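Okay, structure first, notes after.
Note that this is a predicted model, so its numbers are computed, not measured.
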Amino acid sequence: MIKLFRYNEIDSSEIFSRELASTKNIENIVTDIIANVRANKDKALYEYCEKFDKVKLSSLEVTEAEVDEAFASVDEKFINILKAASENIYAFHSRQVRNSFVINEKDGVVIGQKVLPIEKVGLYVPGGTAAYPSSVLMNCIPAKIAGCSEIVMVTPPSKDGKVNPVILAAARIAGVKRIFKVGGAQAVAALAYGTESIPAVDKIVGPGNAFVAEAKKQVFGKVAIDMIAGPSEILVIADGTCDPVSVAADLLSQAEHDKMASAVLVTDSEKLAADVSAELERQIPLLAREEIARTSIDNNGKIIITESIDDAVEVANTIAPEHLEICVDDPFRYLNKIKHAGSIFMGKYCPEALGDYFAGPNHTLPTSGTARFSSPLSVDDFVKKTQFTYYTEEALKSVSKDIEYFANKEGLGAHAKSAVIRFEKDN
């Protein structure tokens, strides 16, 4: 059963703690996997497919014929939903495009910034206990908008050696051209270092399990990564006018992801707290992923009763959740008070699931409190910026002595000399 707290009676460390499993064993396993893939490349990948995915593959790359077959097997209604979702995602992310700029406000001086796409990007799409075509759309579309010239996708195969058809259908709609049947830490290693089949990329994005997260952490520096994502989280702020049935359902929408997922309700209503707790007990046994949701709610679920919704906002800002629902009649009253959240869902008719699949904002979000300093996946994640400077002779001469003085203050004589040497002949 979900735990109940009163905000003014409990130690904040108990409310805000995130109990995460020890990762030392995972770290060592992933280190060995990465080393094996670096040394043995495709051979290691084939062996890991047999070991972890229980399938013996003849080729790692998905063929065009396999994509055709998968696309044809997916029902037309779902294809149309994927297309509608992709249009919404494109419309939202296209507004994020940054432009290069040039400043020429002083005589003889031109400075500016160029915004360039990252050339090669690897998308990790999870498999295993669930298929996530939504992750294909959310990761690929911003990369396409940014102008990345090479987008490679990796995803685990099923025991029949195929990729889930809905994953391939989403890949075709999103515009992914190269797809490989490999998952786990070994897929991340392959993207980072390259193998005979899989090209090395410049950045790896996409969610995954603890082994994938650890692998991304270990290859960071060789390649860029989007973020180190932890277990899913949802925090619902709700007042006494809310329907406990829908609030409980929204909490369970994240609890079913992972046994380590965190679902938190913060409310100023004692009655709603009791009703949601009871409703969770009614709804959990009805879920296909009952065991996962039960473990998540029992171990990591919380209901926090506050004196006011303003106090609830304070709780949300301290927790900095991945997903934040503001289930009140006038959510915009509180929007500017929210300082830390991955994605905010406004009002009683905006469940987090809307953002997972369809609305348009990205669903790859900072977790574990990192919304305090990081952002959702966006077009910005698929570009890099470089800057340029141009000075004429006269423009440099006018500031050369200032640069010399500054450099000498830092004890860097060569810097100082470089600033003035061009003009020594004038003296």
Side-chain angles (χ1 to χ4, degrees), residues 89-123 138-152 174-175 177 191-192 199-206 216 219-227 339 342-343 360-362 364-366 370-427:
I89 295 164
Y90 186 91
F92 180 84
H93 289 81
S94 63
R95 269 72 168 183
Q96 297 175 336
V97 174
R98 293 178 180 268
N99 296 316
S100 301
F101 64 81
V102 176
I103 301 173
N104 186 12
E105 297 173 349
K106 296 179 180 178
D107 288 344
V109 177
V110 181
I111 56 176
Q113 178 175 274
K114 291 173 63 178
V115 179
L116 302 167
I118 294 173
E119 289 186 356
K120 300 176 182 179
V121 175
L123 313 180
M138 293 289 182
N139 286 275
C140 181
I141 291 172
K144 297 287 282 189
I145 292 171
C148 301
S149 58
E150 186 172 351
I151 299 173
V152 178
K177 301 300 183 185
L191 289 171
V201 300
D202 302 313
K203 185 164 188 175
I204 300 170
V205 303
K216 287 168 70 176
V219 301
F220 176 66
K222 170 64 178 174
V223 295
I225 60 172
D226 51 351
M227 62 186 75
K339 299 177 182 177
S343 193
N362 210 282
T364 302
L365 304 169
T370 60
R372 292 177 294 107
F373 52 79
S374 57
S375 308
L377 191 76
S378 71
V379 173
D380 287 344
D381 286 286
F382 298 98
V383 299
K384 59 182 181 177
K385 306 172 190 73
T386 187
Q387 56 198 25
F388 59 88
T389 304
Y390 169 79
Y391 271 54
T392 63
E393 178 181 356
E394 286 304 312
L396 175 61
K397 187 173 183 180
S398 69
V399 298
S400 60
K401 289 295 184 181
D402 290 342
I403 298 167
E404 178 188 36
Y405 192 86
F406 205 142
N408 282 328
K409 283 293 183 181
E410 293 192 346
L412 298 174
H415 281 65
K417 191 70 171 177
S418 175
V420 297
I421 197 169
R422 291 165 176 79
F423 308 108
E424 287 183 347
K425 62 181 183 295
D426 296 340
N427 299 322

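- The shortest heavy-atom contact between A91 and S94 is O-OG, 3.0 Å.
- Side-chain contact between E150 and D202 is absent, with no heavy-atom pair separated by less than 4.5 Å.
- Taking the side chain to side chain contact (heavy atoms under 4.5 Å, CB included) definition, one finds that S418 meets it with R422, sequence neighbours left out.
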Legend entry - Intermediate values then yes/no, side-chain contact (heavy atoms from CB on, under 4.5 Å), M138 and I89: CA-CA 7 Å; M138 293 289 182; I89 295 164; 3.9 Å; yes
For a quick test of your reading: what N or O donor-acceptor pairs under 3.5 Å do the side chains of residues 408-417 make, sequence neighbours left out?
residue: N408; atom: ND2; partner: E404; partner atom: O; Å: 3.3
residue: K417; atom: NZ; partner: E424; partner atom: OE2; Å: 2.6

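- The neighbour count for K385 NZ, taken as heavy atoms of other residues, nucleotides or ligands under 6.0 Å away, is above 12.
- With hydrogens and angles disregarded, a donor-acceptor distance shorter than 3.5 Å links the side chain of S100 to the backbone of V115.
- In this structure, A192 and A200 approach most closely via the heavy-atom pair O-CB, 3.9 Å.
- Listed by chain and residue number, H93, T364 satisfy the side chain to side chain donor-acceptor pair (under 3.5 Å) test with N362 (two or more places apart in sequence, or in another chain).
- Nearest heavy-atom pair, P376 versus P366, reported as atom, atom and distance to 0.1 Å: N-CD, 3.9 Å.
- Scanning both residues, V223 and V201, for their nearest heavy atoms gives CG1-O, 3.2 Å.
- The side chain to side chain contact (heavy atoms under 4.5 Å, CB included) test applied to S398 returns no partner, not counting sequence neighbours.
- Contact of the V102 side chain with the F388 side chain is registered, since non-hydrogen atoms from C-beta on lie closer than 4.5 Å.
- Distance OG/S400 to CD/E393: 10.5 Å, rounded to 0.5 Å.
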Donor-acceptor contacts, no H, no angles, side chain residues 139-149, under 3.5 Å, sequence neighbours left out:
residue: N139; atom: ND2; partner: S135; partner atom: O; Å: 2.7
residue: K144; atom: NZ; partner: G175; partner atom: O; Å: 3.4
residue: S149; atom: OG; partner: E119; partner atom: O; Å: 3.2

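- With rounding to the nearest 0.5 angstrom, the CG atom of D226 is 12.0 Å from the OG atom of S375.
- Here the side chains of V110 and N104 are in contact, with some heavy-atom distance below 4.5 Å.
- The distance from atom CD1 of I118 to atom CD1 of I151, rounded to the nearest 0.5 Å, is 11.0 Å.
- In this structure, CG on L377 lies 4.5 Å from CZ on F382, to the nearest 0.5 angstrom.
- Considering only residues two or more places apart in sequence or on other chains, D380 meets the side chain to side chain donor-acceptor pair (under 3.5 Å) condition with R98.
- Side-chain contact between P199 and K120 is absent, with no heavy-atom pair separated by less than 4.5 Å.
- Rounded to the nearest 0.5 Å, atoms CG (L123) and CG (L191) are 8.5 Å apart.
- Residues I225 and K203 approach most closely at O-CE, 3.5 Å, considering heavy atoms.
- By the 6.0 Å contact criterion, CZ on F101 is enclosed, its count of non-hydrogen atoms from other residues, nucleotides or ligands being greater than 12.
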